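All ligand and atom numbering here is 1-based and tracks the order in the structure. Small disclaimer: the values here were computed from a predicted structure and weren't measured.
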Amino acid sequence: MVESNQSNRLITLEEYIIQGQNKFPGATGELSQLLRDIGLAAKIISREVNKAGITNILGEDGSTNYHGETVKKLDLFADRQLISALNRSDITCMVISEENDDIVRLDNKGGKYIVYLDPLDGSSNIGVNVSVGSIFSIYICDAKEGESLQVEHGLQPGVRQVAAGYALYGSSTILVYTTGMGVSEFTLDPSLGEFMLSNDSIGIPDHGTIYSVNEGNYRSWPEGLKKYVKYCQEERPEESRPYTARYIGSMVADVHRTLLEGGIFIYPDSNQYPNGKLRLMYECNPLSMVTEQAGGMAIDGHGRIMEITPKNIHQQTPIYIGSKVNVRKVQEYLEAHAEDPVKS
Ligand code: AFP
């Protein structure tokens, strides 16, 4: 909590980070610098996203990424901005990004942090002006001195994240992050060019009345999920049902709404995506850390997302994330129908 905020004094991201760092006399300030670097890249990406239509930066780059998805020019722009911001200070040794098949070793040999990035989540929505975002996840590199950096150094479970967050380029640009002590939100004031503290303790409601899932895939969902969604749609006014359906198609925006309003966001396994579609390391783990820090839950249908041992930097996972009551309820349905064959 930042006390001075109660007097309505505006606090910049910079000040907030320094205040947080001062609470830990032994802190080196490196993580603070890393967060500031990400904040700077987010401002530059925000500027380009906002004028994408007029600068001919909209559109496809002509290549595909690791997942076989068409790469947008803005995906690459965001990727380059974030990587060059992280290369500015000697703190990050390795970046792993959706847009790069392999790990990216930075020049900073002694850098202590590994950063995972989804540089522009939801980018297939850019052409229609829907919110997109940049997601980041930060780990300490456990390579020994002199040891060359390998993929394996990046394969750490989400519980080892030291910080995680996202920038969301929506009707306003916001930066949300956690270092494991709650969740803070900053809003970019374009006239000042500064991220200003807008919420120093985001808390997700324990229960919400919004469910968020791509129902186009209904026929190949696990049976437990089909039954849960029917439960959400039942007329039970005394329990605030039927719930409302909302699905943007940008996970970062759907999860942000879930944090503020409560409810659940789901991307399950299906015929098309037997292991789920969303990426464990740069989508699900960071958004799970933020959600848990705000008081919510995130599971893959069985266990906690952040306890999954990763085997591949681009691994996918099913995800059920949001308010505790909603996530526990869907888990009950999934467990009760785990053996049911999928009826499509
Ligand atoms: P893009 O970044 O390619 O637009 O993908 C977005 C995303 O990874 C995630 O942000 C969405 O929740 C999800 O895919 C949407 O997937 P569907 O279109 O299959 O619902």
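Remark: the E147 side chain and the H153 side chain contain an N/O donor-acceptor pair separated by less than 3.5 Å. With no hydrogens or angles considered, a side-chain donor-acceptor pair links S97 and D79 at under 3.5 Å. Checked by atom type, the side-chain pair Q331/R328 shows no donor-acceptor distance below 3.5 Å. Judged by distance alone, the side chains of E239 and Y243 never bring a donor and an acceptor atom under 3.5 Å apart.
Checking only distances, N125 never comes within under 3.5 Å of ligand 1, N or O to N or O. In terms of polar-atom proximity, G122 is counted as a contact of ligand 1, with an N or O under 3.5 Å from an N or O of the ligand. Residue K277 places at least one N or O, backbone or side chain, under 3.5 Å from an N or O of ligand 1. At least one N/O-N/O distance between E283 and ligand 1 falls below 3.5 Å. Ligand 1 has no N or O atom lying under 3.5 Å from any N or O atom of Y273, backbone or side chain.
The protein heavy atom nearest to atom 3 (O) of ligand 1 is S124 OG, 3.9 Å. Remark: minimum distance from atom 19 (O) of ligand 1 to any protein heavy atom is reached at Y267 OH, 2.6 Å. For atom 15 (C) of ligand 1, the closest non-hydrogen atom of the protein is Y247 OH, 3.3 Å. For atom 11 (C) of ligand 1, the nearest protein heavy atom (residue, atom name, distance) is G249 O, 3.2 Å. Counting only heavy atoms of the protein, atom 12 (O) of ligand 1 lies nearest to M251 N, 3.2 Å.
Listed here is the closest heavy atom pair of E15 and I11: OE1-CA, 3.6 Å.
A salt bridge links E292 to R304: one of the charged nitrogens lies within less than 4.0 Å of a carboxylate oxygen. Comment: E235 does not engage R241 in a salt bridge, judged by the lack of any side-chain N to carboxylate O separation of less than 4.0 angstrom.
Relative ring orientation between Y247 and F265 is described as parallel, the plane-to-plane angle staying below 30° on a 0-90° scale split at 30° and 60°. Using cut-offs of 30° and 60° on the angle between ring planes, the pair Y116 and Y139 is perpendicular.
Under a 4.0 Å criterion applied to the non-hydrogen atoms of L278, ligand 1 contributes the atoms 7 (C), 8 (O), 9 (C), 13 (C), 14 (O). Taking every non-hydrogen atom of R279 and a distance limit under 4.0 Å, the qualifying atoms of ligand 1 come out as 8 (O). Atoms of ligand 1 lying under 4.0 Å from any heavy atom of N214, numbered from 1 in the order shown and given with element: 17 (P), 19 (O), 20 (O).
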For residues 126-138, please give each side-chain donor-acceptor pair under 3.5 Å, one per line with the distance, not counting sequence neighbours.
unit_1: S134; atom_1: OG; unit_2: P119; atom_2: O; d: 2.7
unit_1: S134; atom_1: OG; unit_2: Y169; atom_2: OH; d: 2.7
unit_1: S137; atom_1: OG; unit_2: Q161; atom_2: OE1; d: 2.9

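Of all the heavy atoms of S250, the ones lying under 4.0 Å from any atom of ligand 1 belong exclusively to the backbone. Heavy atoms of N217 found under 4.0 angstrom from ligand 1: none, in either backbone or side chain. Under 4.0 angstrom from ligand 1, the non-hydrogen atoms of F265 all belong to its side chain.
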